[in-house]
Amino acid sequence: MSGNCPRCGAKTLFKGLIAFAESCSACGLDFTAFNVGDGPAAFLTLIIGTAIVVGAIALELAASPPWWVHALIWPALSLALVVWGLRIAKSALIASEYRNAAREGRIK
């Protein structure tokens, strides 16, 4: 979940905030062989988007802050949750694909 290689456990899964590295620099596992796709992004958009809208409405109804408070809080929180969520979701899917020996075009 923290960006570790599913084979050796080294922190080499990501080369940036959410971009995968080409391969593990410690054990050489090729990360390009795994297909995570857009599934994590789609689910996070729905889940985080819903949470942000509910939070914004609740804050507005409870405290009626000025508009700039909403402008400061919600974009920053959205960005943080999306980056954190994508790292966790992508790591979990790659680990699951590696553990189950899943490959494209093959049914196990």
Side-chain angles (χ1 to χ4, degrees):
M1 296 283 188
S2 61
N4 296 345
C5 172
R7 181 190 289 165
C8 69
K11 286 195 170 233
T12 58
L13 187 58
F14 294 100
K15 67 178 175 184
L17 280 177
I18 55 174
F20 285 124
E22 300 293 321
S23 63
C24 177
S25 59
C27 70
L29 178 63
D30 182 20
F31 298 139
T32 61
F34 299 100
N35 182 17
V36 177
D38 293 331
F43 282 113
L44 284 173
T45 299
L46 295 171
I47 294 167
I48 293 173
T50 300
I52 293 296
V53 168
V54 168
I57 291 171
L59 179 64
E60 182 63 34
L61 293 175
S64 294
W67 67 270
W68 56 267
V69 172
H70 288 291
L72 286 176
I73 294 173
W74 304 116
L77 186 60
S78 297
L79 181 64
L81 288 174
V82 165
V83 169
W84 174 75
L86 276 176
R87 286 183 65 90
I88 289 176
K90 285 182 166 188
S91 296
L93 283 175
I94 275 217
S96 177
E97 283 186 22
Y98 179 77
R99 183 177 54 248
N100 295 316
R103 297 292 181 262
E104 200 167 318
R106 187 181 106 194
I107 298 174
K108 184 174 178 182

ask   = Rounded to the nearest 0.5 Å, what separation is found between the CD1 atom of Ile94 and the CZ atom of Phe14?
value = 7.5 Å
message = Using a 6.0 Å cut-off, check whether atom CG of Asp38 has over 12 heavy atoms from anything other than its own residue.
response = no
ask   = How are the rings of Phe34 and Phe31 set to each other: parallel, tilted or perpendicular (split at 30° and 60°)?
value = tilted
Between CZ on residue Phe20 and OG1 on residue Thr12, distance to nearest 0.5 Å = 11.5 Å
task = Work out which heavy atom in Ile73 is nearest to a heavy atom in Leu59; give both atom names and the distance.
result = CD1-CD2, 4.1 Å
query = Is it the case that one hydrophobic cluster holds both Ile47 and Val82, taking links as side-chain heavy atoms less than 4.5 Å apart, direct or via other members?
reply = no
ask   = Do you reckon Ile52 sits in the same ILVMFWY cluster as Trp68, going by side-chain contacts under 4.5 Å, direct or chained?
value = yes
task = For Cys27 and Cys5, work out which heavy atoms get closest and say how close.
result = SG-SG, 3.6 Å
key: Path from Val69 to Trp74 over hydrophobic side-chain contacts below 4.5 Å   = yes
inquiry  = On a heavy-atom basis, which atom in Gly28 and which in Arg7 lie closest, and how many Å separate them?
reply    = C-NH1, 4.4 Å
request  = Please round to the nearest 0.5 Å and tell me the distance separating atom NZ of Lys15 and atom OG of Ser23.
outcome  = 10.5 Å
ask   = Does one hydrophobic cluster hold both Ile48 and Val83, with members joined at side-chain heavy-atom distances below 4.5 Å?
value = yes
inquiry  = Determine whether a donor-acceptor pair (N or O, by modelled atom type, separation under 3.5 Å) exists between the side chain of Thr50 and the backbone of Leu46.
reply    = yes
Single-linkage hydrophobic cluster, 4.5 Å side-chain cutoff, Val53 and Leu44 together = no
task = Mind listing the closest non-hydrogen atom pair of Glu22 and Asp30 along with its distance?
result = O-OD1, 3.2 Å
query = Do Cys8 and Leu29 come close enough that some side-chain heavy atom pair is under 4.5 Å?
reply = no
task = Decide yes or no for His70 and Pro65: does some side-chain heavy atom of the first lie under 4.5 Å from some side-chain heavy atom of the second?
result = yes
